[in-house]
**Q** 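Handing you this structure, nothing more for now.
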2 protein chains.
Amino acid sequence: MRPTTHDIAKAAGVSLATVDRVINERPGVRDRTIEKVKQAIESLGYVRDVSAANLARQRTYRFVFAVPDAYSEFTELLHQTIATVAGTAHVERTEISTLPIPADDPHALAAVLNQLDADTVDGVALMAPETPHVRDALMRLTEAGVAVAALVSDLPNTSRNFFVGIDNIAAGKTAGKLMGRFVTGDSGSIIVLTNSMQATDSIERRLGFDEVINTQFSHLTVLPTLEAHGDPDRVTRLVNAAFKQRRDICGIYSLSSGNRSLTGCLTQLKPALRPVTIVHELTTHTERALQQGTVDAVITQDVGHIVRSSLRLLRSHTDQININPAQERIRIEIMLKENLP
Amino acid sequence: MRPTTHDIAKAAGVSLATVDRVINERPGVRDRTIEKVKQAIESLGYVRDVSAANLARQRTYRFVFAVPDAYSEFTELLHQTIATVAGTAHVERTEISTLPIPADDPHALAAVLNQLDADTVDGVALMAPETPHVRDALMRLTEAGVAVAALVSDLPNTSRNFFVGIDNIAAGKTAGKLMGRFVTGDSGSIIVLTNSMQATDSIERRLGFDEVINTQFSHLTVLPTLEAHGDPDRVTRLVNAAFKQRRDICGIYSLSSGNRSLTGCLTQLKPALRPVTIVHELTTHTERALQQGTVDAVITQDVGHIVRSSLRLLRSHTDQININPAQERIRIEIMLKENLP
DNA sequence: CATCTTTTGAGGTACGTACCTCAAAAGTGT
DNA sequence: ACACTTTTGAGGTACGTACCTCAAAAGATG
């Protein structure tokens, strides 16, 4: 049987009230007594029964998912997943709300974040670019005791408590390795496509991709990144122009998740001429493209894991409890047609 | 606020005791009254507070992991993972014990399983081959109300409640696709290696592998499976013999997890002659082989996920609560040097 | 309608923890 | 030794559920 507060009281030779004061850091206990109690806790291996504690204190965790309001297949998937999890989270005493944020307007974003408050929220999971305003807003939140997790793309120079997502340099390297091994023939050029090279994840992926191609597959040439800025037509124009300009296109690597018009271009090509195509993020659309053979591999991260892991981390922070970091690491997944879920 | 039993009582116009009788299926309630209560539960969306319930009934889940006692890197990893999880499971009121089972002796295995009992155990997670004796033992357990999960390799024709592991045909297909795309040159032979072709997982993986190679990469020849029966020296002999006999070996696919001596053979070869090597199960050893380039890809399943998912499923069964199947699906993971954790 | 059985209600205690009050004890300074 | 503050103890209630007992009400049977 696990020890209870009563056992601690007996072992330390104090009353239940004193144990309670020590555990919950209430004032009015001498240092010597605190020590006695802590030693008893240590030697008996006491851990607070979280469910009993939550029951007693009527705690509900209030978490906010702040996700870009701009439409993309990935954010859409993220919203869906959050909604699904939110529906069943109440059994774990967790209230989840979503906060659509204007990701491309730093001031507006900061304003939205500044509406959050320790009185109304216990934790925030945020997917946003790092700007000075965001840094300030997060500093305010963490200082007020609100747990903050960066979602999908890290905010390394802020006071965020956790990062939940993949190592994007490694993801780029993985794409590079697959590209290098999938491409046949002894030379060729690779198109790299993204929405914006401002985003850190795009930068990091390109970095990792280049490193692997340059060191391990130097017979391949990686072309300058084409930026579509969220415009589907621009993707079509850029890709078609690249094909016109160069006859040796053997691969396409799409850094971000705007792949709808890309696969449109590819289906126009004769199958034999179709380049090796590697994209990011498994969505209904990229899944279909994998099935049909328009896309050769998808590098992805499990959005369900991301959302659930965020919740575990935010909860652990508000409970001041240690977690197992190995369990929370998000994996870089490689999806082929054959291992689709 | 979520509704409590008190709310149900008020809504149904009955007393707390009656609600309790209905919820816990105690006798002495008229059918009409049962209906009233159930409707109130339905319309208020009541769900029992599992932590409060467990607190009240002083429940501890008693689960057994029955894993082969024969040493292999994979079972070793499994044992380690179970031990780690067991160490922290007590905070979730879960007692985990491991039961080493003689996997290759059906009678002894059944005897061990028959020692288990609904009085001492709430659930069993079992990694074993399917034999008539195992079928009988599992039937006895499930009928007694013990939850049973098949681990890693399925027991489809038994009364097991869950399967926790990957689709091995799809895993074989994945290996086949990678093999086909990684191999360069326009012909060649592939060695397939396993411990035993008796095991269903080996059979299924080979099946999937063959299908992809034959339909998509018909320029490659898959050689008959070599069986090592757990003998490292035999691996060395078989592989070396295959290399002597044929000059066109371009790939090696290892179906099971006895890869130590295999990588030993490979390091003997000149790097240029080294065949594309794909193995199963990420262990410390295969991880190192990936790092060093002796192995090109590892098809694997996250053992941590497997163990934790088993626990969730067994718990949900003993609590008679629904779970989210999507969350419990174990993914077929592809590990390259670049996306190692 | 009396008797017997079934169904229901009212109330209690318990789980492990949080948080509260009040009094007693121990320690402090003069 | 005095008043004073700080520390400690004893006891209570509550959270939502499980499980128990006993009595009252409702229903069935003769």
Side-chain angles (χ1 to χ4, degrees), chain A residues 1-38 40-41 44-61 90-95 122 315 318-321, chain B residues 1-38 40-41 44-61 90-95 122 315 318-321:
Chain A
M1 225 43 215
R2 8 185 333 205
T4 70
T5 40
H6 293 82
D7 301 324
I8 303 301
K10 219 173 289 172
V14 299
S15 76
L16 204 59
T18 303
V19 173
D20 178 72
R21 289 183 184 110
V22 173
I23 288 178
N24 294 295
E25 291 174 330
R26 276 186 256 278
V29 187
R30 262 183 304 178
D31 291 354
R32 264 177 44 214
T33 317
I34 294 184
E35 260 326 296
K36 271 200 298 185
V37 173
K38 286 199 168 168
I41 288 176
L44 294 192
Y46 168 82
V47 267
R48 178 201 250 123
D49 183 326
V50 184
S51 36
N54 285 347
L55 179 62
R57 100 174 72 186
Q58 282 286 82
R59 177 211 269 316
T60 51
Y61 305 90
H90 63 101
V91 307
E92 275 151 326
R93 292 199 145 70
T94 306
E95 280 171 22
D122 299 307
R315 263 199 291 264
T318 54
D319 286 343
Q320 309 195 45
I321 273 182
Chain B
M1 224 45 211
R2 13 188 325 208
T4 71
T5 39
H6 293 80
D7 301 322
I8 302 301
K10 219 172 289 171
V14 300
S15 77
L16 203 60
T18 302
V19 173
D20 179 72
R21 290 184 184 111
V22 173
I23 288 178
N24 294 295
E25 291 173 330
R26 278 185 256 278
V29 187
R30 259 184 306 178
D31 289 356
R32 266 178 42 215
T33 318
I34 294 184
E35 260 326 294
K36 273 200 296 185
V37 173
K38 285 199 169 168
I41 289 177
L44 293 194
Y46 168 82
V47 265
R48 176 200 251 126
D49 184 326
V50 184
S51 35
N54 286 347
L55 179 62
R57 76 169 68 134
Q58 281 286 82
R59 171 202 286 308
T60 52
Y61 305 88
H90 63 100
V91 308
E92 275 151 325
R93 294 199 140 71
T94 305
E95 282 171 21
D122 298 308
R315 262 199 292 262
T318 55
D319 287 343
Q320 309 194 48
I321 274 182

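Proteins come first, then strands; the chains are lettered A, B, ... in the order of their sequence lines, and each starts at number 1. Just so you know, these numbers come straight off a predicted model, no measurement behind them.
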**Q** Could you state the NE2-C1' distance from A/His6 to D/dG11, rounded to the nearest angstrom?
**A**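 So the two atoms are 11 Å apart, to the nearest Å.
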**Q** Please check the phosphate of C/dG16 (OP1 and OP2 only) for any side-chain N or O of A/Thr4 closer than 4.0 Å.
**A** no
**Q** Which parts of nucleotides 18-25 of chain D does protein reach within less than 4.0 Å, heavy atoms only, written one letter per nucleotide 5' to 3' as B for base, S for sugar-phosphate only and - for none?
**A** BB------
**Q** The helix from C/dC1-D/dG30 to C/dT28-D/dA3: angle between its terminal axes, five pairs each, to 10°?
**A**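 The value is 30°.
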**Q** In whole angstroms, how far is the C1' atom of D/dT17 from the CD1 atom of B/Ile41?
**A** 13 Å
**Q** Rounded to whole angstrom units, what separation is found between the NZ atom of B/Lys10 and the P atom of C/dA10?
**A** 13 Å
**Q** So do the side chains of B/His90 and A/Val47 get within less than 4.5 Å of each other, counting heavy atoms only?
**A**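 In contact.
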**Q** Calculate the interatomic distance between A/Arg59 atom CZ and C/dG16 atom C1'; express it in whole Å.
**A**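 Answer to the nearest Å: 16 Å.
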**Q** Under the side-chain contact (heavy atoms from CB on, under 4.5 Å) test, which residues partner B/Leu16, sequence neighbours left out?
**A**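 So B/Leu16 forms a side-chain contact (heavy atoms from CB on, under 4.5 Å) with B/Thr5, B/His6, B/Ala9.
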**Q** I want to check something: taking the side chain as every heavy atom from C-beta on, are A/Val22 and A/Ile8 in contact at a cut-off of under 4.5 Å?
**A**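 No, their side chains stay 4.5 Å or more apart.
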**Q** Listed by chain and number, what are the ring-ring contact (aromatic ring centres under 6.0 Å, His included) partners of A/Tyr46, not counting sequence neighbours?
**A** none
**Q** Round to a whole Å and report the spacing from CG of A/Leu16 to P of D/dA10.
**A**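 Whole-Å distance recorded here is 10 Å.
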**Q** Among C/dG16, D/dC15, D/dT17, which nucleotide sits nearest the side chain of B/Gln58?
**A**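 Nearest to the side chain of B/Gln58 among the choices is C/dG16.
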**Q** Please determine if a side-chain N or O atom of B/Ser15 lies less than 4.0 Å away from the OP1 or OP2 oxygen of C/dT8.
**A**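 Negative; the distance criterion is not met.
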**Q** Is any side-chain heavy atom of B/Val14 closer than 4.5 Å to a side-chain heavy atom of B/Val37?
**A**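 Heavy-atom side-chain distance check passes, below 4.5 Å.
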**Q** So, do B/Val50 and A/Val91 sit near enough that their side-chain heavy atoms are less than 4.5 Å apart?
**A**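 With C-beta onward as the side chain, the pair stays apart.
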**Q** Look at the side chain of B/Arg315 and the backbone N and O of B/Tyr61, then say whether any donor-acceptor pair between them is shorter than 3.5 Å.
**A**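 Absent.
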**Q** For B/Pro3 and A/Arg30, take the nucleotide of DNA chain D holding the closest heavy atom to each; which residue's nucleotide lies nearer the 5' end?
**A** A/Arg30
**Q** Which pairs pass salt bridge (Lys or Arg N to Asp or Glu O under 4.0 Å) with one or both residues in residues 7-27 of chain A, sequence neighbours excluded?
**A** A/Asp20-A/Arg26
**Q** Please list all pairs passing the salt bridge (Lys or Arg N to Asp or Glu O under 4.0 Å) test where one or both residues lie in residues 48-59 of chain B, with sequence neighbours left out.
**A** A/Arg93-B/Asp49, B/Arg59-B/Asp319
**Q** In whole angstroms, how far is the C1' atom of C/dT17 from the CZ atom of A/Arg2?
**A**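 Taking CZ of A/Arg2 and C1' of C/dT17, I get 11 Å after rounding.
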**Q** When the distance from NE2 of B/His90 to P of C/dG16 is rounded to whole Å, what number comes out?
**A** 15 Å
**Q** Would you kindly give the CD-to-P distance between B/Glu92 and C/dG16, to the nearest whole Å?
**A** 18 Å
